[in-house]
Amino acid sequence: MPAVVVVGTQWGDEGKGKVVDYLARNADVVVRYQGGNNAGHTVVVDDKEFKLHLIPSGILYPGKLCVIGNGVVVNPAVLVREMAYLEEQGINTSALRISDAAHVILPYHLEQDKLEEEKKGAQRIGTTRAGVGPAYADKSARFGLRMHEFVEPDVFKEKLYANVASKNRLFTQVYGAGEFDAKAMYDEYSAYARQLRPYLTDTSLTINEAIDAGKNVLFEGAQGTLLDIDHGTYPFVTSSHPIAGGACIGAGVGPTRIDKVIGVVKAYTSRVGDGPFPTELEDEVAAGIRERGHEYGTTTGRPRRVGWLDAVIVRYAARVSGLTGMAVTRLDILGGMDRVKMCVSYKWRGQTLSEFPRDIRVLGECTPVYEEFEGWPADVLDRCRREEDLPAAVRKYLRRLEEVARTKVVLLGLGRERTATVRLEPIF
Ligand code: IMP
Ligand code: MG
């Protein structure tokens, strides 16, 4: 009957979608607690690929309550479109619940995201331009609009007109850009508000009652540890808390109610967007990983930067989220190479660093200290369904990761399909 949080340990795109989908089978409630439609989760069910940005991937199982928590920023246009997309695929979305305290992303947030990135030029963050950063900025500035206000026509109208007027001053006077028409926005968005209103509730209550009733609750993190606004590679981060503590704030549950925290670790590292990346590769190894692993952004289509597994990062993620276990994904993508490398510490100005540095200027000067491992064949993993089936080389690689990260491996992802998963320890 546990409450389990699943977090990304790297820069996102670790394969959380697949892990969450696997665990959701035994969950009663699946909760998104932060981020917005900057996220992209790809889940493959019976050869069919689903791409989700906002709705928890638990929705692919009938009968699971799926919650968008208060910590999420919701673009109503995207949410309505995603619900329609799922319905077209024969997926029922009636089990969706949206927090009445979640903040709303409006078109001026997308515009602001774009203008700020353009203004930064070479210093840009490389955002997904989904308006996520500006929406969280407005939330912190106590200027945002919450779902319960959005679905009250009078309240929505009043706040929207005031916000548009203020954003228009910013766009025209600071950026020399155009203005938004509050009336047109109100007309379009009121329709979304009417559609979403029936799904709104106090989801903190829903989730706590489920935990009280002994239900299995799964908290699905988006992005990853190094994109956390406090604990990531600031300023090259997102504006929310992807780490495990984010689940408490973003869902309205106390830390004492969380039983397990599973960190998803991709067997190599990737990063979409700018900022330092010590184990980044730009050779044919990278090209091979990118092609085999389809490492292109789910949300933006951008080619992802890729490199060897950086266990220093995973050790850090284990610390800041208090991981109880790791789910290692995409070992199949490393298959077929003679040698595989893992970074176990950094060299920085003659010193050895075994802990991840906070300052990205230090991180940018770090060179990885690698250990080399024998590779494993590409196809054998497809057939592995138990720990005993794993090639010795894979086990050696995992044992070393466990040592550096000081956390045990509890789940393995060996392919895209739901069935290509090996469970080493029960989670639910
Ligand atoms: P934002 O979240 O759109 O503001 O983007 C900030 C940074 O987070 C950029 O480097 C993005 O590429 C990265 N980012 C945001 N969401 C994801 C995700 O779901 N996967 C990987 N990177 C992401
Ligand atoms: Mg993704």
Side-chain angles (χ1 to χ4, degrees), residues 6-21 32-44 49-57 71-75 78 82 103 105 109-118 120 122-140 220-243 246 250 264-266 268-277 280 290 293-306 313 317 329-330 360 363 413 416:
V6 172
V7 296
T9 59
Q10 296 152 319
W11 277 289
D13 307 311
E14 298 90 353
K16 292 180 296 293
K18 186 190 148 135
V19 172
V20 167
D21 175 66
R32 265 288 300 271
Y33 59 83
Q34 45 70 232
N37 62 294
N38 48 352
H41 288 169
T42 308
V43 183
V44 179
E49 195 176 78
F50 291 90
K51 287 192 193 292
L52 297 171
H53 298 283
L54 260 178
I55 300 179
S57 23
V72 176
V73 283
V74 178
N75 180 325
V78 171
E82 193 158 295
H103 277 249
I105 299 181
H109 291 125
L110 277 72
E111 179 70 3
Q112 199 176 342
D113 202 347
K114 179 180 136 241
L115 291 169
E116 280 181 11
E117 282 285 276
E118 283 168 359
K120 287 191 178 111
Q123 310 306 318
R124 70 181 182 274
I125 308 294
T127 75
T128 62
R129 304 199 174 192
V132 167
Y136 278 117
D138 282 0
K139 173 178 172 176
S140 289
E220 165 180 355
Q223 289 88 38
T225 304
L226 295 187
L227 292 172
D228 187 279
I229 183 92
D230 275 60
H231 300 284
T233 45
Y234 192 89
F236 297 99
V237 293
T238 192
S239 301
S240 67
H241 291 291
I243 65 163
V264 183
V265 182
K266 186 152 64 179
Y268 50 93
T269 312
S270 72
R271 174 162 207 183
V272 54
D274 298 271
F277 177 175
E280 182 170 16
R290 187 175 302 115
H294 308 286
E295 291 292 351
Y296 296 89
T298 313
T299 302
T300 56
R302 291 180 284 180
R304 293 180 186 140
R305 303 158 66 194
V306 295
I313 289 175
T329 62
R330 311 202 115 209
I360 58 161
L363 186 67
R416 279 159 66 80

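Whatever order the structure lists them in is the order used to number ligands and atoms, beginning at 1.
Between the O atom of G40 and the OD1 atom of D13, the angle taken at the Mg ion (ligand 2) works out to 160° after rounding to 10°.
Atom CD of Q123 is surrounded by 12 or fewer heavy atoms from other residues, nucleotides or ligands within 6.0 Å.
The Mg ion (ligand 2) has no N, O or S atom of G12 inside 2.8 Å of it.
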Before you tell me yes or no, could you show the steps for H41 and F50 under side-chain contact (heavy atoms from CB on, under 4.5 Å), namely the whole-Å CA-CA distance, both residues' side-chain angles and the distance that decides it to 0.1 Å? CA-CA 8 Å; H41 288 169; F50 291 90; over 6 Å; no
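Remark: of the listed residues K266, R305, R302, K266 is the sole one forming a side chain to side chain contact (heavy atoms under 4.5 Å, CB included) with E295. Checked options T127, T238, D113, N75; the residue passing with N38 is T238 (criterion: side-chain hydrogen bond (donor to acceptor under 3.5 Å, both in side chains)). Under the side chain to side chain contact (heavy atoms under 4.5 Å, CB included) test applied with Y136, the options Q34, H103, H109 reduce to a single match, Q34.
Between the side chain of T233 and the backbone N or O of L226, at least one donor-acceptor pair lies under 3.5 Å.
Ligand 1 lies under 4.0 Å from heavy atoms of W11, D13, N38, A39, G40, I125, G126, T127, T128, Q223, L227, V237, T238, V272, G273, R302.
A pairwise comparison of heavy atoms in E117 and R124 identifies OE1-CB, 3.6 Å as the closest pair.
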